[in-house]
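Here the structure is laid out as structure tokens; the discussion comes afterwards.
Per chain, numbering begins at 1; letters A, B, ... match sequence-line order.
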Amino acid sequence: MHDLSYFRNHFDRVAERLATRSNPPSLEQFRDLDQRRRAAITQTEQLKAAVNKASAEIGPLLREGKDATAQREQVRVMKAEIASLDEQVKSVDTQFQELLTGIPNTPHESVPVGKDADDNVEVRRVGEPRTYDFAPKPHWDLGLELGILDLERAAKITGARFALYWDMGAKLERALINFMLDVHTREHGYTEVLPPFLVNSQSLFGTGQLPKFKEDLFKCEGQDFWLIPTAEVPVTNIYRDETLEGDALPIRLCAYTPCFRSEAGSYGRDVRGIIRVHQFQKVELVKFTRPEDSYAELEKLTADAEDILRRLCLPFRTVVLSTGDMGFSSAKTYDIEVWLPGQNGYKEISSCSNFEAFQARRAGIRFKSGKKSEFAHTLNGSGLAVGRTWVAIVENYQQKDGTVLVPEALRPYLNEEVIRPRKL
RNA sequence: GGAGGAAUGGGUGAGUGGUUGAAACCGGCGGUCUUGAAAACCGUUUGCGGGGUGACUCGCACGGGGGUUCGAAUCCCUCUUCCUCCGCCA
């Protein structure tokens with residue numbers, strides 16, 4: 001959510017910047033609604049002040065034993081008028097809030113202007129894709145042949161786009177989770193948290209998934225519980241409606257959680273394998289910072305996520321998303337893309353964003369700054385998507401004989417150097 | 001799931017219909033005193049939203065929502081959360 005007075009006072013400049021997004025918000029109504037809302041508020045509040053004044057006079061009159069019928073009648077009439085005016089205020093305010101909360105964040109000045117993902121700008125490329133003296137297979141073939149990934153039974157148990165891992169497949173997933181959490185907590189200074197995997201509407205509003213993107217989420221029937229689409233939601237909301245001590249910043253948290261996404265609107269995309277599924281595992285990095293530090297912290301957070309890929313010796317590149325490819329709440333986003341031989345290309349494995357005060361304003365996350373309190377900046381990024389890291393390892397470390405080599409860094413976690421085929 | 005109890009400002013906690021946006025204490029901030037610090041003393045210390053260049057002013061908020069009343073922290077309804085006891089349970 002935008003700062004209202006800033007938005008009002010810099011309307012043309014902000015509107016121009018917002019127009020560079022892929023779904024630019026319609027702002028035509030803003031000025032009219034804003035003005036109508038303020039006029040309505042002024043009107044009712046003046047009347048309320050009159051009522052307060054009149055009814056304060058009644059008490060003393062009664063105490064003196066005088067008659068107050070006239071005053072009572074006067075207040076009663078004004079109250080009736082207020083009731084109808086309040087309706088108007090409520091109606092215009094609701095419209096205004098809907099408009100305001102539906103406006104995406106302003107892209108930071110360093111974000112390249114562009115239409116879509118094609119206009120994203122590569123900022124780094126690390127590692128060389130391996131060359132194979134055989135045709136590398138995609139992970140869905142490898143997973144089946146190795147007996148570690150069982151998509152058919154997952155579909156039976158639940159449905160399409162779910163995964164069942166067996167044996168070394170399950171252990172690899174678990175090893176990756178532990179490895180990532182260990183690196184971030186021991187080497188990068190993050191504190192581990194284990195949050196609820198179900199959240200309420202208020203939390204989803206705080207991080208910006210609601211009200212606009214509810215079709216992407218799973219909801220529990222008859223209850224205000226939603227399956228989390230990312231740990232960003234419960235972890236960022238840890239400090240919802242709280243004021244943090246200024247000295248406590250920056251706060252760096254990391255969390256492992258499963259993530260649940262309905263993937264509505266993604267039909268036909270990444271249908272094979274487990275690149276795009278309804279449930280996947282992720283280790284998430286979340287930061288709360290002072291405004292002046294947030295961009296430096298974004299660089300560090302992105303580097304922390306990249307470090308996992310470096311340690312696993314997986315080739316990757318990092319791009320800065322163009323204005324046309326950014327998410328709703330973000331002011332700046334880096335995507336980290338890992339090399340996948342099965343796709344013969346780079347595929348997103350982490351998305352690292354600075355939301356500035358956009359989420360903090362929605363969620364009421366403040367910090368003490370001298371005598372005043374102000375909104376913190378929030379950031380987050382995948383560190384990393386575990387399922388896609390699993391894919392990257394299986395595909396990049398496959399060998400001619402059908403086995404998969406375990407990356408050096410994971411061997412202590414797996415007690416194996418090679419994943420060998422087994423019967424499913 | 002059943003039975004009781006509770007929810008007030010950063011914290012403790014008073015307040016059961018009319019200058020109570022809220023006593024008191026603690027904490028925080030500023031000051032006096034002091035070589036410095038402590039102590040003592042004085043002052044100050046909620047948020048959101050309107051109006052005004054500004055001094056300032058108005059409205060709303062005592063867990064959330066609704067109601068009674070000229071007037072609600074205080075009375076009623078409802079929801080939520082927490083505590084105690086019982087039941088169930090990994």
Side-chain angles (χ1 to χ4, degrees), chain A residues 1-9 30-101 103 194-206 210-211 219-220 222-226 234 237-249 251 288 357-376:
Chain A
M1 191 157 56
H2 290 264
D3 178 275
L4 182 54
S5 67
Y6 183 89
F7 195 84
R8 201 182 268 147
N9 297 331
F30 178 82
R31 286 197 150 134
D32 177 51
L33 270 176
D34 184 35
Q35 204 197 353
R36 276 167 50 207
R37 173 176 169 273
R38 287 199 275 174
I41 287 173
T42 304
Q43 203 186 353
T44 56
E45 288 190 352
Q46 278 170 356
L47 205 52
K48 281 179 185 174
V51 163
N52 288 342
K53 201 171 160 223
S55 78
E57 287 165 6
I58 292 175
L61 278 178
L62 293 179
R63 230 173 289 128
E64 291 167 28
K66 292 183 182 159
D67 178 62
T69 320
Q71 282 80 356
R72 285 192 184 191
E73 183 56 21
Q74 190 195 356
V75 169
R76 230 175 43 77
V77 169
M78 287 195 284
K79 291 263 292 187
E81 203 180 331
I82 286 173
S84 95
L85 285 172
D86 267 342
E87 286 296 307
Q88 287 176 41
V89 170
K90 205 175 157 188
S91 146
V92 67
D93 188 55
T94 303
Q95 285 179 63
F96 185 70
Q97 292 307 328
E98 269 170 28
L99 178 72
L100 197 64
T101 58
I103 298 171
L194 180 60
F197 301 160
L198 301 178
V199 292
N200 58 31
S201 306
Q202 192 63 47
S203 292
L204 285 159
F205 177 83
L210 287 182
K219 185 172 194 296
C220 296
Q223 277 172 306
D224 187 28
F225 291 150
W226 306 70
N237 278 282
I238 288 174
Y239 295 118
R240 169 150 54 85
D241 295 325
E242 291 192 28
T243 303
L244 301 160
E245 288 302 327
D247 301 343
L249 301 179
I251 293 172
F288 303 84
F358 189 86
Q359 293 181 326
R361 214 171 277 119
R362 288 177 156 240
I365 303 169
R366 299 164 216 269
F367 70 97
K368 272 218 188 82
S369 170
K371 292 197 75 166
K372 296 290 285 178
S373 71
E374 61 179 299
F375 291 112

Rounding to the closest angstrom, what is the interatomic distance between [N] and [M] at atom [atom1]?
| N | M | atom1 | value |
| --- | --- | --- | --- |
| B:rG4 | B:rA22 | C1' | 30 Å |
| B:rU19 | B:rG59 | P | 15 Å |
| B:rC75 | B:rG15 | C1' | 16 Å |

I want to verify a distance call: between [options], whose nearest atom is closest to the [X] side chain?
| X | options | answer |
| --- | --- | --- |
| A:Ala49 | B:rC58, B:rC70, B:rG51 | B:rC58 |
| A:Arg37 | B:rU69, B:rG47, B:rG49 | B:rG49 |
| A:Ile41 | B:rG50, B:rG71, B:rG59 | B:rG50 |
| A:Ile58 | B:rG18, B:rG49, B:rG51 | B:rG18 |

Would you say the side chains of A:Ser5 and A:Asp3 form a donor-acceptor pair under 3.5 Å?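 A:Ser5 vs A:Asp3: donor-acceptor pair found between side chains.
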
Tell me yes or no: between the side chains of A:Arg240 and A:Ser203, is some donor less than 3.5 Å from an acceptor?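 Yes, side-chain donor-acceptor contact under 3.5 Å.
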
Toward the 5' end of RNA chain B, by each residue's nearest nucleotide, A:Ala56 or A:Leu4: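 Taking each residue's closest nucleotide, the earlier one in sequence belongs to A:Ala56.
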
Using the closest heavy atom to pick a nucleotide of RNA chain B for each, name whichever of A:Asp34 or A:Lys48 lands nearer the 5' end.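 The residue mapped nearer the 5' terminus is A:Asp34.
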
With a 4.0 Å cut-off on heavy atoms, is A:Arg8 in touch with a base, just the backbone sugar-phosphate, or nothing at all?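 Sugar-phosphate contact only - A:Arg8 comes under 4.0 Å of backbone atoms but never of a base.
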
Partner of B:rC29 by Watson-Crick or G-U wobble geometry, both contacts under 3.5 Å, or none?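 In the structure as shown, B:rC29 has B:rG43 as its Watson-Crick or wobble partner.
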
Could you tell me which nucleotide pairs with B:rU53 by Watson-Crick or G-U wobble geometry, both distances under 3.5 Å, or answer none if nothing does?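 Checking every strand shown, B:rU53 finds no partner, since no pair has both distances under 3.5 Å.
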
Phosphate oxygens OP1/OP2 of B:rG51: is one of them under 4.0 Å from a side-chain N or O of A:Arg38?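 Answer yes for this pair, as a side-chain N or O of A:Arg38 is under 4.0 Å from OP1 or OP2.
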
Establish whether the base of B:rG49 is bridged to the side chain of A:Glu45 by a donor-acceptor pair shorter than 3.5 Å.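 It does, because a donor-acceptor pair links the side chain of A:Glu45 to the base of B:rG49 below 3.5 Å.
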
